[in-house]
Q: 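I'd like to ask you about the structure that follows.
When a residue number appears, it is its place in the shown sequence, counting from 1.
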Amino acid sequence: MISRIIFFYIIIFILKFNFVFSSDFRIVAKINNEILTNHDIELEKKYLLILNPNLGNLSQKEFELLSKNSLIRQSIKKEEVQKHINFEANSNLGDDLIKEMMVNQGFKNKLEYSTYLEKKGLSLEIFQEKLLVDRLWNSLIFEKFKNKIKINQQKIRQNVKNFIKKKEKVFEYNLSEILFDETTNYQELIKFIKEYGFVSAANKYSISDTSSSGGKIGWIKLSSLNEKLKAHVSKLKKDQVSDPIEISNGKLLIKVNEIKELKNQINIEKEIERQISFEKNRQLKNLSLNYYKKLKQNKIINEY
């Protein structure tokens, strides 16, 4: 008798589940055996809007596609990270990322920020996990490829000294980027930039890890760039976008957000340190992109 009752409730549960699934849910993609639903897409949309409110200007179709691609990318990264890194052991890092984001967005405490996220339709836990995936992915890339990073410190030191000897004016540029490959229609990309802005275009088209932050690179001294990039960037004024620049992983568009001249005397050691860090990050970005492409190629991805 008891077994029949249990069986009856199991049947009711299955019927209810099937009803909910068929009426409210649909599968949008499958990565090997992992299923991604429209509910996952909605959460990704909310996450991306918190990082970049300008995405709300996109058409529903554009935003849907952008969010799906972002979700697939994060899903692949998360699976790989979980093979090598314990998420629970990095809970403190997750808290630090929330604090960093909270301060950057002008909130006073975690409770206030949590309330803000809930109003946006996203829990603090889900938001923290997404931030953590990106940060742990970067840690994984560094540990995996740190021995492949080649830095010519002597050359960097000499370049800095030569620059200072010339007593040239020192400029810093606040830059953003879009890295795209042969699968991207360049004219379509330019049209999208004109219609929706560079930030949204970076979210949609860029294959760089900076895509989730709208292509933001930040403040870089012109002298820190290699000769090829320097030649393009130095010709740009504020709000201008470069022509496509050929690099190893595709083509690069650089946008100048701000320009400022530094009046203070350069500290040689600090400047060398900055340029070494910039070069290290540049190489890691390339390694990250190549590794992600390899992972994606080895996945069976079906989109619906």
Q: With sequence neighbours left out, which residue pairs that include part of residues 139-152 fulfil the side-chain hydrogen bond (donor to acceptor under 3.5 Å, both in side chains) condition?
A: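 Every side-chain hydrogen bond (donor to acceptor under 3.5 Å, both in side chains) pair that includes a residue of residues 139-152, provided the two are not neighbours, is E143-K146.
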Q: Of the non-hydrogen atoms in A202 and S211, which two are nearest, and what is the gap between them?
A: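 Minimum heavy-atom separation between A202 and S211: O-CB, 3.4 Å.
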Q: For K221, give me all partners under side chain to side chain contact (heavy atoms under 4.5 Å, CB included), at least two apart in sequence or on another chain.
A: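 Side chain to side chain contact (heavy atoms under 4.5 Å, CB included) check on K221 returns V170, E172, S223, S224, L262, E271, R274.
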Q: So, E246 and K228, do they make that salt bridge, N to O below 4.0 Å?
A: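 Salt bridge: no.
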Q: Is any side-chain heavy atom of K108 less than 4.5 Å from a side-chain heavy atom of M102?
A: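 Of all side-chain heavy-atom pairs linking M102 with K108, none is under 4.5 Å.
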Q: Cluster question for you: counting only ILVMFWY and a side-chain heavy-atom cut-off of under 4.5 Å, with indirect links fine, are L225 and I156 together?
A: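 Not linked; separate clusters.
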Q: Parallel, tilted or perpendicular: which fits the ring planes of Y186 and F180, with parallel below 30° and perpendicular above 60°?
A: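 Rings of Y186 and F180: parallel, under 30°.
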Q: Could you tell me which residues satisfy ring pair (Phe, Tyr, Trp, His ring centres under 6.0 Å) with F278, sequence neighbours excluded, listed by chain and number?
A: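 With neighbours one apart ignored, the set is empty.
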Q: Report the C-alpha separation of K130 and Q74 in whole Å, then their side-chain angles, then the decisive distance to 0.1 Å, and conclude whether the side-chain hydrogen bond (donor to acceptor under 3.5 Å, both in side chains) test is met.
A: CA-CA 8 Å; K130 287 180 177 293; Q74 184 161 96; 3.3 Å; yes
Q: Which value, rounded to the nearest 0.5 Å, describes the distance between N267 atom CG and E273 atom CD?
A: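 The CD atom of E273 is 9.0 Å from CG of N267, to the nearest 0.5 Å.
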Q: Please name the pair of heavy atoms, one in I207 and one in N249, separated by the smallest distance, quoted to 0.1 Å.
A: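 Shortest heavy-atom contact: CD1-O, 4.1 Å.
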Q: Run the ring pair (Phe, Tyr, Trp, His ring centres under 6.0 Å) test against H39 and tell me which residues pass, sequence neighbours left out.
A: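 Per chain and number, H39 pairs via ring pair (Phe, Tyr, Trp, His ring centres under 6.0 Å) with F25.
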Q: If you look only at distance, which donor and acceptor atoms sit under 3.5 Å apart when one is on a side chain in residues 189-200 and the other is two or more places apart or in another chain?
A:
none

Q: Look up atom CG in L253 and atom NE2 in H232, then write down how far apart they are to the nearest 0.5 Å.
A: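 L253 atom CG to H232 atom NE2 measures 10.0 Å (nearest 0.5 Å).
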Q: Measure the spacing between CG of L140 and NE2 of H84 and express it to the nearest 0.5 Å.
A: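 Reported value, rounded in 0.5 Å steps: 5.5 Å.
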Q: Is there a donor in the side chain of Y291 and an acceptor in the side chain of E80, or the other way round, less than 3.5 Å apart?
A: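 Yes, because at least one side-chain N or O of Y291 sits under 3.5 Å from a partner of the opposite role on E80.
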Q: Dump the intermediate steps for salt bridge (Lys or Arg N to Asp or Glu O under 4.0 Å) on R157 and E269, then the final yes or no.
A: CA-CA 8 Å; R157 178 176 290 276; E269 294 306 319; 3.0 Å; yes
Q: Tell me which pairs pass side-chain hydrogen bond (donor to acceptor under 3.5 Å, both in side chains) where either residue lies in residues 90-102, with sequence neighbours left out.
A: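 Qualifying pairs: D95-K110.
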Q: Check the pair Q60, E64 against side-chain hydrogen bond (donor to acceptor under 3.5 Å, both in side chains), reporting the backbone distance first and the verdict last.
A: CA-CA 6 Å; Q60 186 175 348; E64 185 86 13; 5.3 Å; no
Q: With no hydrogens and no angle check, just 3.5 Å: does a side-chain donor-acceptor pair link S206 and E177?
A: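 No pair is found: no donor N or O on one side chain lies under 3.5 Å from an acceptor on the other.
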Q: Which atom names give the shortest non-hydrogen contact between Y173 and S234, and what distance separates them?
A: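 Nearest heavy atoms, Y173 then S234: OH-CA, 4.0 Å.
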Q: Kindly check if the number of other-residue, nucleotide or ligand heavy atoms within 6.0 Å of NZ (K216) is above 12?
A: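 No, the 6.0 Å shell around NZ holds no more than 12 heavy atoms from other groups.
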